[in-house]
Protein chains: 2
Amino acid sequence: MLAAAQQLGFRRNGLARDFRTGARSTSVAFIMGDVSNPFYARIARGAERRLRDEGLQLVSASSDEDPARERALIDDMIERRVSALLIVSSVHDHRFLEPERRLGTPVVFLDRPPDHIVADSVVIGNAAGMGQAVAHLLKAGHRRIGLVGDLRRLSTHRERVEGFAAAMRSGGIADWERYVRADSHDIPAAEAAVTDLLASPEPPTALITTNNRITTGALRALRSRPHPPALIGFDEFELAELLGVSVISHDPERMGEIGADLVIGRLAGSDEPPRSIVLPTRLVVRDSSERRHGLGATKADGDET
Amino acid sequence: MLAAAQQLGFRRNGLARDFRTGARSTSVAFIMGDVSNPFYARIARGAERRLRDEGLQLVSASSDEDPARERALIDDMIERRVSALLIVSSVHDHRFLEPERRLGTPVVFLDRPPDHIVADSVVIGNAAGMGQAVAHLLKAGHRRIGLVGDLRRLSTHRERVEGFAAAMRSGGIADWERYVRADSHDIPAAEAAVTDLLASPEPPTALITTNNRITTGALRALRSRPHPPALIGFDEFELAELLGVSVISHDPERMGEIGADLVIGRLAGSDEPPRSIVLPTRLVVRDSSERRHGLGATKADGDET
DNA sequence: TTGAAAGCGCTAACAG
DNA sequence: CTGTTAGCGCTTTCAA
């Protein structure tokens with residue numbers, strides 16, 4: 001009979017079901033800067049994979065890193081009674097989410113930790129990752145190391161800069177701020193920042209870019225330079241190996257998976273204290289970090305100008 | 001008073017509202033192969049942007065190009081009463097969607113046309129794009145042109161091969177099939193196919209890859225070759241310019257936008273006959289297509305071995 | 001203009 | 001074990 005009804009175009013109404021059953025939908029919201037940024041897309045992929053097995057759907061929405069838009073999206077999602085929220089937040093203060101958390105909506109922060117509230121989070125070991133990169137460059141003899149970063153209001157940016165600063169200081173470099181540039185949120189801005197940095201009277205001999213888009217911008221800026229500085233980029237990207245770009249690598253899909261697992265656990269009733277999971281990074285050394293132009297022959301190596 | 005209630009954690013129930021109002025949610029489903037593939041991610045971005053202004057949300061789900069999974073996802077979405085479906089389908093026969101369409105759920109096919117039913121679609125001018133690429137290579141004197149393609153059951157693959165074949169034949173090349181390889185769905189498979197093709201006794205002097213991932217695989221395979229063949233890839237990608245890779249370019253975000261517009265129009269009650277929109281391609285010539293190794297000095301140019 | 005009531009399609013609780 | 005009923009929170013209709 002059910003089959004017959006199906007033939008006639010009958011479909012059970014999942015909306016009515018979700019509504020009836022606890023006034024909660026089977027969707028989980030994923031709010032981030034931009035779906036078309038591969039970093040977010042890979043997080044989405046990981047989360048989707050895990051959620052699917054639980055009969056949950058991922059609803060993605062892009063905030064363009066605009067705090068007001070993010071809040072509007074969150075409100076909207078909450079009204080739509082999503083089961084849980086996965087957020088890569090660009091908001092500075094998350095206290096407005098506290099009532100929802102109390103009312104039982106799991107909220108998991110991805111990539112950037114919650115601010116002014118306690119909640120589950122999955123982040124990257126930013127400072128440690130930067131530390132590894134800086135240590136590698138210092139060891140190769142670099143002293144003038146530049147950093148090109150994203151919007152300075154993003155916590156990830158600040159953590160990466162702090163990791164950079166700590167490693168530089170412990171390498172005996174006090175004026176580490178000299179070659180630090182921030183607020184390069186898109187590829188052209190990053191390209192311009194790198195070009196600007198290299199136009200200094202004493203340009204940096206090495207560069208660290210703090211995310212995949214900035215790395216792309218840097219690559220463009222360096223393309224036609226005869227003696228490009230060493231380069232290490234944060235985030236792995238598909239053509240990094242091909243291009244010989246050294247990176248601080250980590251696993252965005254895993255972040256999505258773990259975020260989804262936390263959500264699933266909470267939905268199943270877990271009320272253990274919020275966890276803050278830190279994902280490891282790994283320095284992948286390829287050609288770009290091994291350039292030594294402008295260094296003077298410190299070691300056996302001597303391929304500089 | 002509403003504000004006061006809000007303070008207390010009250011939120012209107014969007015689920016109840018959607019349910020009451022016509023038993024249709026404010027979500028639009030987007031079903032494609034894999035969110036983390038930039039091609040799909042960019043379509044999602046374009047669609048999301050348009051839908052947002054109408055108060056609609058995009059719910060993305062990845063089918064992994066598995067027809068059974070795609071059907072399951074579609075059924076699930078329909079049960080959840082999404083307002084409309086945007087599908088990059090890997091199913092061969094879409095008649096099962098006919099009842100839904102009759103019942104008023106707009107269905108828009110993206111990238112790949114509907115099969116056995118009539119419905120709105122937004123596709124790329126595949127054959128024409130390939131034609132341009134082949135013509136360009138033929139004009140440069142290439143005769144042995146290889147093609148590395150995706151799963152042969154995908155209509156886009158077939159159309160691209162047909163465009164290739166037509167252009168080759170009209171260039172007087174009858175044995176165009178000699179260097180055609182299909183079913184390279186991931187990067188390693190594409191890399192292997194290219195390596196294999198170049199191991200022929202009379203290897204092709206030019207290669208066309210039929211999507212971004214295959215192009216990446218080809219780039220890996222060609223990386224260490226002293227005299228790589230000319231290369232043109234289907235799909236633009238972020239580092240194509242930097243790498244000097246010539247491409248058959250088109251605009252996935254636009255595809256998403258137009259798909260969303262069609263959905264919005266149908267939802268507003270438009271009952272004009274289904275439209276099939278074909279998006280143009282543009283051959284972007286960069287260095288990779290200009291290599292002439294193995295050609296013999298046909299023209300003024302003579303940089304071959 | 002404001003307020004009460006019906007009912008969307010389900011599920012859970014209850015009666016037969 | 002099968003069949004009936006109440007009611008989730010909203011919008012829409014109809015009465016006051």
Side-chain angles (χ1 to χ4, degrees), chain A residues 1-29 51-57 59 61 72-85 96-107 263-264 266-269, chain B residues 1-29 51-57 59 61 72-85 96-107 263-264 266-269:
Chain A
M1 203 184 77
L2 263 168
Q6 207 121 353
Q7 220 84 37
L8 285 159
F10 173 83
R11 299 281 198 159
R12 74 192 306 178
N13 188 334
L15 225 50
R17 179 164 59 125
D18 286 354
F19 166 53
R20 175 64 237 255
T21 329
R24 197 125 245 155
S25 81
T26 50
S27 311
V28 169
L51 292 173
R52 170 214 300 172
D53 299 335
E54 307 292 316
L56 293 167
Q57 289 177 326
V59 181
L73 286 170
I74 291 173
D75 282 348
D76 195 52
M77 295 294 188
I78 288 170
E79 281 201 356
R80 284 176 158 106
R81 293 296 191 274
V82 290
S83 297
L85 291 165
F96 70 98
L97 276 168
E98 197 48 45
E100 311 309 332
R101 272 186 26 90
R102 275 187 207 293
L103 258 56
T105 308
V107 179
V263 158
I264 291 163
R266 294 288 171 199
L267 252 19
Chain B
M1 201 185 76
L2 262 169
Q6 207 122 354
Q7 219 83 37
L8 287 159
F10 174 83
R11 301 279 197 160
R12 75 190 307 178
N13 189 333
L15 225 49
R17 181 164 58 126
D18 285 355
F19 165 53
R20 175 62 236 249
T21 328
R24 197 126 242 154
S25 82
T26 50
S27 312
V28 170
L51 257 17
R52 170 215 300 171
D53 299 336
E54 307 292 316
L56 294 167
Q57 290 178 325
V59 181
L73 286 171
I74 290 173
D75 282 347
D76 196 52
M77 295 295 187
I78 288 171
E79 280 202 355
R80 284 175 158 107
R81 293 297 191 273
V82 290
S83 297
L85 292 164
F96 70 98
L97 277 168
E98 198 48 43
E100 312 308 333
R101 275 186 23 90
R102 275 187 207 293
L103 257 56
T105 308
V107 179
V263 158
I264 291 163
R266 294 289 172 199
L267 252 18

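Per chain, numbering begins at 1; letters A, B, ... match sequence-line order. All of these numbers come straight from a predicted model, not from anything done at the bench. Only this structure's heavy atoms are used, side chains among them; waters, hydrogens and symmetry mates stay out.
- Taking atom CG on A:Leu15 and atom P on D:dT11, their separation rounds to 13 Å, with Å as the unit.
- Residue B:Ala16 places its side chain closer to D:dC10 than to any other of C:dT11, C:dG9, D:dC10.
- B:Leu51 contributes atom CG, which lies 5.0 Å from atom CG of B:Leu56 (distance to the nearest 0.5 angstrom).
- Looking at heavy atoms from C-beta onward, A:Val59 lies in side-chain contact with B:Val59 at the 4.5 angstrom threshold.
- A straight line from CZ of A:Arg81 to P of C:dC10 spans 21 Å, rounded to a whole angstrom.
- Between A:Asp18 atom CG and C:dA12 atom C1' the separation is 16 Å, expressed in whole Å.
- Note: CZ (A:Phe19) to P (D:dC10) measures 8 Å, nearest angstrom.
- A donor atom on one side chain and an acceptor atom on the other are not found under 3.5 Å apart for B:Ser27 and B:Arg80.
- Taking the side chain of A:Thr21 as heavy atoms from C-beta on, and the options D:dG9, C:dA12, D:dT11, the nearest nucleotide is C:dA12.
- No side-chain heavy atom of A:Glu54 sits less than 4.5 Å from a side-chain heavy atom of A:Leu267.
- Spacing between atom CG of A:Asn13 and atom C1' of C:dG7 amounts to 14 Å, rounded to whole angstrom units.
- Phosphate proximity of D:dC8 to A:Arg24: absent, as no side-chain N or O sits under 4.0 Å from OP1 or OP2.
- Both A:Arg20 and B:Arg20 lie near DNA chain C, and the one whose nearest nucleotide falls closer to the 5' end is B:Arg20.
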